[in-house]
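Here is the structure we will look at.
Reckoned from all heavy atoms, side chains included, excluding hydrogens, waters and symmetry mates. All residue numbers in this chain count up from 1 along the given sequence.
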Amino acid sequence: MDLVELEAVEGLRWTWNSWAAEETNLVIPLSILCTPLMMSEVPILPYHPLLCSRCAAVLNPYARLDYQSRIWHCPFCSIRNPFPRAIADTNLPAELFPTYSTVEYSPPLPSSSPPPPPPAFVFLIDLSSPHDQLLSLKKELLLLFHHHFPNHALVALLTFDSMVYLHHLASSPCSSLHLFHGTRHLSSNQIRQFLNIGRTHPLHHGHTPKQDFLLPFSECEFSITSAIEEIHSTFDSSSATRPPRCTGTAISVALGLLESCLVTTGSRIMLFTSGPATIGPGIVVDSDLCQPIRTHHHIFNNQARHHANSCSFYNQLSKRLSDASVVLDLFACSLDQVGAAELRQPVEQSGGFMILSESFESDQFKKCLGHMFKSDDQGHLKMNFDATIEIVTTEDVHISGALGPCVSLHRKNSLVSDAEVGQGGTSLWKLNTLTHKTCIAFFFQVNQRQRIQPGSAFLIQFITRYRQGNMGCRKRVTTVARRWVANHSVDIAAGFDQEAAAAVMARLAILRAQKCHPRDVIRWLDDSLIRFTSKFGDYVPEDPSSFRLSSNFSLYPQFMFHLRRSQFIDVCNTTPDETAFFRLMLNREGVVGSLIMIQPTLFQYSFDGPPVPVLLDIRSVSPDFILLFDSFFYVVIHHGSKIAQWRKLGYDKDPNHENFRKLLEAPELDAEQLVADRVPVPRIIRCDQHSSQARFLLAKLNPSVTQNSTYTDGSDIIFTDEMSLEVFLDQLQRQLLHAEILLLSAMNDVHYFRTMPVSGPKSYPNRIAVAGDLGHTHNTTSTVNHITSNHPNLIFLVGDVTYAILYLTNGTGAGCYSCEFPDTPIHETCGEIWGCDHRDNKREGVGGWFLEALSIEALEFEVEGEHNAQFVGEEGEGEVWSWVESEDEVLGDKDECLFDVNVGFDLDDVVDHHLWEGSVQVEVHHVEECDVSGIVLAVLNTANSPQLQIGDQYKWLERDLASVDREVTPWLVATWHAPWYSTYKAHDREAECMRVEMEDLLYKYGVDIVFNGHVHAYERSNRVYNYTLDPCGPVYITVGDGGNREKMAITHADEPSTTTPDDFMGGFCAFNFTSGPAAGNFCWDYSAFRESSFGHGILEHDLTSQSIAVYLHSCYSLLVSSALLIAGDQYKWLERDLASVDREVTPWLVATWHAPWYSTYKAHDREAECMRVEMEDLLYKYGVDIVFNGHVHAYERSNRVYNYTLDPCGPVYITVGDGGNREKMAITHADEPSTTTPDDFMGGFCAFNFTSGPAAGNFCWDYSAFRESSFGHGILEMKNETRALWIWHRNQYFYDSAGDEIYVVQSFLKRSNP
């Protein structure tokens, strides 16, 4: 018996039909796809089932009976149970027949019991639908009530726009309504009290509480039909806003009505809408048409303003729907989105229909509505309600969970596994409705605590309880058995069902896609496929052509190829509503339907014979054939060009061409049969070869022939860069033969970047990007995106590139950290460039994927940090640590979950060490020196012990620095991880011992710039040597703010430590803190600028002056402090320095500090006003051109302004406090000036400025030229001595669109030389 025949008997499809006695990693989980009502012909037993007194299993053919003692032994728990006298060896009931694996019980109701309650239907109609749409809907509903609606069913009518209108259906001289405000969310008790519904006559006694809203159709037919005829559209086509819709409130009121009437045995809320909710709970988009409706991009980047709150609201609604056994159906007919993505969970978990159509006039909507209300011969609806599924297993099997239209009832017992999948933690699930096609995927695990003997049997029983359309209770019981096999038995492979496996993996991929980016889901699928084929494939090492898969596995890679490019995973061409619909349908369909969705079918019709299946490939398209394509959601009838030409010439109407007419009719008849029983009804698309509608077919075909193919053999071609199935399988085979597993999604990517020019005094990299302590978070994503957008020629990563990402101290792995540990205050998050999964064997599955974005951009250098160290063992009295060079190194208990920073491949395999002229010792030592085009980069190891001057690192550095020819390479840049000069408490002077030993060496040879990380903040020093300002010392720049998962460094050090804080660095040099420049109250003048924000730096080559200065003498960073009087040190320093600037040499003056002087936002309004009063004249006098500020979380650019007055000689003030912080954006603008300085820290002595001068009275805001509350960043590009281009980019538009762009004209030279 093959698998399809077995499914027809059991209603089950197993991914593995033979289970290993000792659980082994089969990659594909142990799962059963159960379609409880698939079998239409089962024995109906008119009595109650016999249940085991311990495990509640139902008597079945595997039970052992003792007829003399009238005892049956439960095969699940081995307990003995009595059975009635009627059972004998000569009178066996049907449930004991071995041929009946499934039986159904239909016990009669006691004569004293009232008749079962009828089903209830609440119709929810959107009054904001366009007039023509509402007219079509009313027509269909009236037809439904006149011809198909059962008389005994309960019915209610609600309409809604900005309000919810509950219609009175009791007979009355005039119609009346109950109104609910659309913005309010009411509980069921509030609704019951508002409607004055009592609870004296519960429904389960056969009576509804007395009320006028939910009545039998036979009693209110006239009222409800009249009410539907009278409703009118409130849609205003001339309005400049979206029509008001309170969809969430309307659903909540409808559910509250059913709960108040105690309808808990079967009911449906049928929602008919033509647009998204714009008000109230469940809102999708604002009424303002300027606000676009959310897309996948908005949702992925947390930019969908209402999405999270609406999903949370509907998730709460799902629980209420389940408790009341209410089904929610969505009929959405609109050309735009309606909010199906937000409504997906309540619709899916309640088992409701989701219909997305263009119009209520469409055949798709009409057929679906008619299909729902089909009746049997007795006039009862072919609907089932109020279902549950219970699973009982033998003790050697544990239940993990379920995926499908069900809800966990959280009933735990000894059979329930702690490892949950989907709706887990239970052995009982609730289904509000059930059809003959409803399919649930159940997941299992082997109970390792049980000693299992190969050859023994295990049993699983599915007990399905449900109510039929007549509301009678049924219980269907399916009992199946399989045998355990040895771990390496050939029966494991022989029992693999690749079709069921593809359906299960598709559901797991959808589950993962709810929390992770589609790219990460594809990587997970690829990784699973590689591990699966590696385990079950046969091949000779180092010979890709030898790879073979047995027939049981051969189609599975092909299924995965189509799944990863399907609309379920690849969402770039679909809306969130469409994706929600596709995924909902896949989650409830059986194996056959799911497989059609994943890999559509294609049949070929020709004159040569009956239709034949052909490959889903572009080569199957031919001018002489008709193709019938079935993707489940739509069916395409594709005519080849010759067929289309003959049809247009009318040959099918010519009696002499009867065969041609039959050829055209055949696919039409077959298409009608395909769509006949499907709900929703698929759309039939008829198209000709090369027509626009042919895209529905071409998009799903394997692109084996493209514009890049050298041999087409007369075939059509597909213009695409997607890999074909042949390339996919070829690369899969090659990957199986490599030690490193690379993901398929990068197989066909080729990247290029320009290397450094030959070293020389005038050869420089144009831009050098510097970042440190990256980690693996969203902030890291932002940093990497910004670095790559600046297109650097060289990248320095100054340590701690990797962090402990997802691995726990016990060596186990976790999935997406934020998904697994949502309550931790600081944690890794799923970044946009990398994935949210993990690999086996303690290895991070995504490795260095985020580094790929940098590695393909430019030459990259990395510095060791403490997070790149792993614990090796103990030696003597100390610990031994080593630097991780590969993710394959054995990890210990103290490991930091490291991955290979070379993106999963060895640098030696892809680059020549002599590719960059002058490059030496790449990835050979932890102390490196590299000559890159006019710059000597010295890379040191902070933790290299010992650091004494007799150490190897010191000797190497001295020897190497002495050999540098500064005429050829004028710039010396050094980098290591832990900084020498930092004013933050975090890691305060941890590297002091290294500074004591090595600072003289750097000073002696004139190192220009030093880059460090480690401290999670940004800081730049003045030129300093031995804690003293020195014009010959290096500039120290700390960039440990790359985006890691740990907190930002915020607290500053006020007093020096008295000892070296880190014993790992050694404690012998503590005397330095009590003598020399550091003695006593320490002077922090070396710090020029510091800020606790994530970011990165760019070191840029000035093409005009042939230097690499970063405007160190023409860009001023000022501190906003309380000592800002003209007599203060900062004022004196600034005046002295500005006076010394030669504007002929450095024509541009740029100043920067944190709190802005000119801002039109309420947030931080004029906090720095005291500073402006004291210092603005100074900036104006010396002609500062541009001022950059932050603090206010928004973007704003001013016109040239001085003392609140537009002045062509004043600076342009630019506020860029919108870099991406965790606080809210500044939105509210200031209309009137404050009367006092709002921040006492700034002092109150200058308040007079607000009541006199230009700011007096109604303040003039003309200085503001552009403002916007959006996250972003800016680029200032100096074109020449008189022109500078400033461009501000919104983050949501990436880097291809400028939000604000202006040329700044240098004014000081014009003022000096009129």
| By side-chain hydrogen bond (donor to acceptor under 3.5 Å, both in side chains) - contacts of Asn60 (at least two apart) | none
| said: Has Arg588 got a side-chain atom pairing as donor or acceptor with Gly404's backbone, closer than 3.5 angstrom? | reply: no
| query | If we only count heavy atoms from C-beta on, is the Asn702 to Leu616 side-chain gap below 4.5 Å? | reply | no
| query | What is the ring orientation for Trp16 with Phe536, classed by angle as parallel under 30°, tilted 30 to 60°, or perpendicular over 60°? | reply | tilted
| message | Using the ring pair (Phe, Tyr, Trp, His ring centres under 6.0 Å) criterion, which residues pair with Phe632? Sequence neighbours excluded. | response | none
| field | Pair Asn432-Ser350, side chain to side chain donor-acceptor pair (under 3.5 Å): steps then yes or no | value | CA-CA 5 Å; Asn432 296 355; Ser350 68; 4.8 Å; no
| Pairwise distance OG(Ser594) to CE(Met585) - rounded to 0.5 angstrom | 9.5 Å
| Are the side chain of Gln453 and the backbone N or O of Trp484 linked by a donor-acceptor pair below 3.5 Å? | no
| task | To the nearest 0.5 angstrom, please state how far the CG atom of Asn17 sits from the CG atom of Asp491. | result | 11.0 Å
| OH of Tyr100: more than 12 outside heavy atoms within 6.0 angstrom? | no
| query | Taking the side chain from Ser566 and the backbone from Leu563, do they hold a donor-acceptor pair closer than 3.5 Å? | reply | yes
| task | Indicate yes or no for a side-chain donor-acceptor contact from Gln461 to the backbone of Val58 under 3.5 Å, with no hydrogens or angles considered. | result | yes
| Sequence neighbours excluded, which residues qualify as ring pair (Phe, Tyr, Trp, His ring centres under 6.0 Å) partners of Phe462? | Phe442
| said: Please check: side-chain N/O of Arg483 versus main-chain N/O of Gly455, any donor-acceptor pairing under 3.5 Å? | reply: yes
| note | Only residue of Ile530, Leu725, Leu732 satisfying side chain to side chain contact (heavy atoms under 4.5 Å, CB included) with Pro557 is Leu732
| query | Hey, are the side chains of Leu26 and Phe496 touching, using non-hydrogen atoms and a 4.5 Å cut-off? | reply | no
| said: Is a donor from one side chain sitting under 3.5 angstrom from an acceptor on the other, for Thr394 and Asp396? | reply: yes
| message | Closer than 4.0 angstrom, basic N to acidic O: yes or no for Asp527 and Arg531? | response | yes
| Backbone N/O of Ala501 and side chain of Thr15: donor-acceptor pair under 3.5 Å | no
| Note: Arg465-Glu390 ion pair, threshold 4.0 Å (strictly below) | yes
| task | Taking the side chain as every heavy atom from C-beta outward, state whether Cys74 and Arg54 have any pair of such atoms under 4.5 Å apart. | result | no
| Quick one: does Thr579's side chain get under 4.5 Å of Arg344's, heavy atoms only? | no
| Nearest heavy atoms of Asn552 and Ala493, plus distance in Å | ND2-O, 2.8 Å
| request: Before giving the answer on side chain to side chain donor-acceptor pair (under 3.5 Å), spell out for Thr435 and Thr438 the whole-Å C-alpha distance, their side-chain angles and the decisive distance to 0.1 Å. | output: CA-CA 5 Å; Thr435 71; Thr438 303; 3.0 Å; yes
| task | Measure the acute angle between the ring planes of Phe458 and Trp19, then classify it against the limits of 30° and 60° as parallel, tilted or perpendicular. | result | parallel
| field | Interatomic spacing from CD in Glu589 to CD1 in Ile598 - rounded to 0.5 Å | value | 11.5 Å
| task | Report yes or no: does Asp630 contribute a side-chain atom to a donor-acceptor pair with the main-chain N or O of Thr601 at less than 3.5 Å? | result | no
| Does Leu428 offer a backbone N or O that forms a donor-acceptor pair with the side chain of Arg411 under 3.5 Å? | no
| Arg512 CZ to Ile522 CD1 distance, which is reported to the nearest 0.5 Å | 13.0 Å
| task | Specify the closest pair of heavy atoms between Leu3 and Arg13, including all atoms of both residues, with the distance to one decimal. | result | O-CD, 3.9 Å
| Checking Asp386 side chain against Arg467 main chain: does a donor-acceptor pair fall under 3.5 Å? | no
| message | Donor-acceptor check, side chain of Arg476 to backbone of Pro36, threshold 3.5 angstrom: yes or no? | response | yes
| query | Any Lys/Arg nitrogen of Arg523 or Asp520 sitting under 4.0 Å from an Asp/Glu carboxylate oxygen of the other? | reply | yes
